[in-house]
Amino acid sequence: MKVIHCLDDFIFFGVAIAGSLAVFLSQQAAVLADLFAAGFLVNLETSILEPMQRLAFLGMGIDSVRGLFYTPQQKWDSVQSRITAALRTRRVKIRALASIAGKVMSLRLALGKAAFMFTREMYFVMIEAAARWDAYISLPDEFVSVLELWASTGAEGFTSGMWAVVQ
């Protein structure tokens with residue numbers, strides 16, 4: 001069984017790993033009991049407790065049949081609209097740059113190492129700007145070329161495997 005959580009939201013998956021639905025549900029009940037006994041809060045309304053094959057959780061797409069994390073189209077459209085706005089003016093607030101970087105990093109399970117490579121220079125600029133979140137910067141040419149690449153890329157090109165490969 002695999003468990004992913006963020007604050008009080010949990011998702012349990014891996015019926016195939018457990019071997020059967022009965023074993024999965026037994027393991028899930030044990031984990032939940034341990035969490036409650038340890039004083040953790042679990043939001044049962046927003047957590048995913050029922051086995052599903054394809055779903056969105058905390059903005060990330062999960063496809064357990066194909067064993068992939070993927071970017072839901074709506075989330076990708078949000079990232080691209082921010083990138084397009086930045087490219088239109090080529091002058092953005094540090095806060096807007098942070099928003100783009102944050103959205104990309106929220107998709108790192110699907111984007112893989114590309115998320116880190118894409119945001120690296122953005123974080124350098126944000127660190128230099130420190131407390132000037134509402135200051136404007138002109139986008140350097142290297143930013144523009146990277147942003148143009150991401151603006152022209154579809155969400156379907158970014159998936160990454162869920163399961164570790166054991167050899």
Side-chain angles (χ1 to χ4, degrees), residues 1-87 97-124 126 143 145-167:
M1 164 184 296
K2 299 266 185 178
V3 180
I4 296 176
H5 76 93
C6 180
L7 300 176
D8 62 350
D9 294 325
F10 288 77
I11 180 171
F12 295 83
F13 54 97
V15 173
I17 295 170
S20 72
L21 179 58
V23 172
F24 172 83
L25 293 174
S26 172
Q27 290 174 347
Q28 180 188 62
V31 169
L32 286 170
D34 288 346
L35 288 169
F36 287 126
F40 284 90
L41 298 176
V42 177
N43 187 333
L44 298 174
E45 293 178 13
T46 57
S47 294
I48 309 291
L49 302 177
E50 299 296 320
M52 297 180 168
Q53 295 179 337
R54 189 172 169 95
L55 68 137
F57 179 70
L58 300 174
M60 178 60 54
I62 302 171
D63 184 335
S64 65
V65 172
R66 296 182 353 194
L68 296 174
F69 291 110
Y70 66 93
T71 304
Q73 190 62 49
Q74 180 180 0
K75 185 93 171 197
W76 188 250
D77 291 345
S78 172
V79 172
Q80 286 197 316
S81 70
R82 291 169 195 259
I83 291 172
T84 302
L87 285 171
L97 201 58
S99 174
I100 292 170
K103 289 240 179 230
V104 169
M105 289 306 291
S106 75
L107 299 170
R108 69 188 172 279
L109 286 176
L111 300 176
K113 292 180 181 168
F116 296 97
M117 292 168 45
F118 173 67
T119 58
R120 183 172 183 238
E121 291 298 323
M122 290 183 193
Y123 283 111
F124 286 141
M126 288 184 280
F143 268 36
S145 60
V146 170
L147 289 173
E148 287 173 340
L149 172 68
W150 282 74
S152 65
T153 305
E156 64 280 350
F158 295 106
T159 61
S160 68
M162 292 170 59
W163 320 121
V165 177
V166 179
Q167 295 185 7

Pairwise distance [atom1]([X]) to [atom2]([Y]) - rounded to 0.5 angstrom:
| X | Y | atom1 | atom2 | value |
| --- | --- | --- | --- | --- |
| Asp8 | Leu35 | CG | CG | 11.5 Å |
| Gln28 | Ser26 | CD | OG | 10.0 Å |
| Leu68 | Arg54 | CG | CZ | 8.5 Å |
| Phe118 | Ile83 | CZ | CD1 | 4.0 Å |
| Leu44 | Leu49 | CG | CG | 6.0 Å |
| Thr119 | Met105 | OG1 | CE | 5.0 Å |

Are there over 12 heavy-atom neighbours, none belonging to [X], within less than 6.0 Å of that residue's [atom1]?
| X | atom1 | answer |
| --- | --- | --- |
| Leu41 | CG | no |
| Gln74 | CD | no |
| Phe40 | CZ | no |

Locate the shortest heavy-atom distance separating [X] from [Y]; write the atom from each residue and the value.
| X | Y | value |
| --- | --- | --- |
| Pro51 | Phe24 | CG-CE2, 3.9 Å |
| Gln80 | Ala151 | NE2-O, 2.8 Å |
| Lys75 | Leu107 | CG-CD2, 3.5 Å |
| Ser106 | Met60 | O-CE, 3.6 Å |
| Thr153 | Trp76 | O-NE1, 2.9 Å |
| Leu55 | Met52 | CD2-CB, 3.8 Å |

Flag side-chain contact, heavy atom, 4.5 Å: [X] against [Y]:
| X | Y | answer |
| --- | --- | --- |
| Ile48 | Ile62 | no |
| Glu148 | Ser152 | no |
| Val146 | Glu121 | no |
| Trp150 | Ile100 | no |

Open item on the list: Please determine whether side chain to side chain contact (heavy atoms under 4.5 Å, CB included) holds for the pair Leu97 and Phe143, giving the CA-CA distance in whole Å, both sets of side-chain angles, and the decisive distance to 0.1 Å.
Closed with: CA-CA 11 Å; Leu97 201 58; Phe143 268 36; 3.8 Å; yes
Open item on the list: In terms of relative ring orientation, are His5 and Phe10 parallel, tilted or perpendicular, with 30° and 60° separating the classes?
Closed with: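 Parallel, since the angle between the ring planes stays under 30°.
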